[in-house]
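Lettering follows sequence order; numbering is per chain, from 1.
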Amino acid sequence: MLELTISAETEEPRDCKICATKNAGFNYGVQSCNSCKMFFRRALDTSKMITCKKEENCNILDPEGSKCRFCRFHKCVLVGMKFIDSPQDPSAIINDLLHKDWTRNQHFLTGKAASTVKFKDIFERGVFLFEKKSEDTVFDFYEWGVMNHLTCINFETSLSFMKYLSKSDLTCVLKSSHLLYMIFVTAWRSYTAKKEFMCHPDGSDIFPSEVEPSAYNEKLINEIRCYLLSCLICLRVTEEEFLLLGVIIVCNPGIPDLSQTGRMLLASYQSMYGQTLQRYCSFKYGSNAGALRYLEIISLSTAIARCHSAIANFSTLFPIHQPQHVKVNLFTEILAFLIK
DNA sequence: CTCTCAGGGCCATCA
DNA sequence: TGATGGCCCTGAGAG
Ligand SMILES: [Zn+2]
Ligand SMILES: [Zn+2]
């Protein structure tokens, strides 16, 4: 690879790009010393989230700053250390997603949100514990809705790359991509239940009962209920395609307010999952049909975005058409945060 | 063979 | 005392 970027002038070409140690070799694709190489590898291995105690801009060259694991790791990413072993085994990736998705679905079907869950925690950490729901519990719209949000966010934050993101980047991802992902999951769930319109597992509506459909444009309501689902039916989307497209949506690097390292991390993972989807398609449908199929699956994200904007429109119209029914609860707080 | 680099073991350091 | 990180070694692969 051509090295066109000129870093600080005092830096010798053989210095470690992260900590400036002399006589560094090549590790993970960049000029780096052995310590930084090992640090990077161990940082990738750890299951714990790394955080910065200061402002996420510690100077690694100064002995105080070099103690910050978060900032050192992010400098590794920033200078271009490759954090994905290439190429990945597609079936291992799919199995990992299958397992995470199964967990999400179990929580959604059998759990209920712990009463301790508060709005301000949801988009900060995105990890929740669920309590067992008793057999005869009947959820109303808002309880289903909150569970749908929490279990999807739980899934999103359990993805392998999320632990590398800073807290603010994590919030950006959840704020921009979570609702798209949740819409897709809801459509998928209705699709696997062979429904013709989106609904909750017990068949209840995806609109709260106080919504008076006749007060709205029928096309708008239909777009929310049916449009995306009809695309899934029409394409006969497989579970593998659902899983991979779901992650591709969650690791969209084009969302606003991301840090540069956050964008780089998401872009690499999105491209890795994209390649996996491509390989899956060409394996399942053959090389030519697979390439077309890949594009068709990717273009589902347009249908998801269309449903998203219909929901945004609806939630703008709702307080205008039915001001007497506006409620404030956890679900409406979450939705208000996501649609802005 | 030599060179480079990924990865693992071992041990010093520090809360 | 357990987590962390630096030093040194090994083995695989390329040339
Ligand atoms: Zn270094
Ligand atoms: Zn820091």
Atom-pair distance ([atom1] on [X]; [atom2] on [N]), nearest Å:
| X | N | atom1 | atom2 | answer |
| --- | --- | --- | --- | --- |
| A:Phe40 | B:dA6 | CZ | C1' | 13 Å |
| A:Leu44 | B:dG7 | CG | P | 9 Å |
| A:Arg41 | C:dT4 | CZ | P | 14 Å |
| A:Lys37 | C:dC7 | NZ | P | 12 Å |
| A:Phe39 | B:dG8 | CZ | P | 17 Å |
| A:Asp45 | C:dT4 | CG | P | 12 Å |
| A:Ile50 | C:dG5 | CD1 | P | 8 Å |
| A:Asn34 | B:dC10 | CG | P | 17 Å |

- Applying side-chain contact (heavy atoms from CB on, under 4.5 Å), run through A:Leu159 and A:Tyr269 and close with a yes or a no. CA-CA 10 Å; A:Leu159 292 168; A:Tyr269 278 91; over 6 Å; no
- Query: Between A:Asn27 and B:dA6, is there a side-chain N or O to OP1/OP2 distance below 4.0 Å?
  - Reply: yes
- Query: OP1 or OP2 of C:dG5 less than 4.0 angstrom from a side-chain nitrogen or oxygen of A:Arg69, does that happen here?
  - Reply: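 Yes, such a contact exists.
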Nearest-neighbour nucleotide for the [X] side chain, [options] considered:
| X | options | result |
| --- | --- | --- |
| A:Arg42 | C:dC8, C:dT4, C:dG5 | C:dG5 |
| A:Lys48 | B:dG7, C:dA3, B:dA6 | C:dA3 |
| A:Ser35 | C:dC7, C:dG5, B:dG8 | C:dC7 |
| A:Met38 | C:dG6, B:dA6, B:dG8 | B:dG8 |

- Indicate whether any N or O donor in one side chain lies under 3.5 Å from an N or O acceptor in the other, for A:Asn329 and A:Thr332. yes
- Item | A:His99 atom NE2, neighbour heavy-atom count above 12 within 6.0 Å | no
- Task: State whether the side chain of A:Gln31 and the backbone N or O of A:Asp15 hold a donor-acceptor pair below 3.5 Å, judged by distance alone.
- Result: no
- Message: Donor-acceptor pair, distance only, cut-off 3.5 Å: does the side chain of A:Thr157 make one with the backbone of A:Asn154?
- Response: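 Checking the backbone N and O of A:Asn154 against the side chain of A:Thr157, a donor-acceptor pair under 3.5 Å is found.
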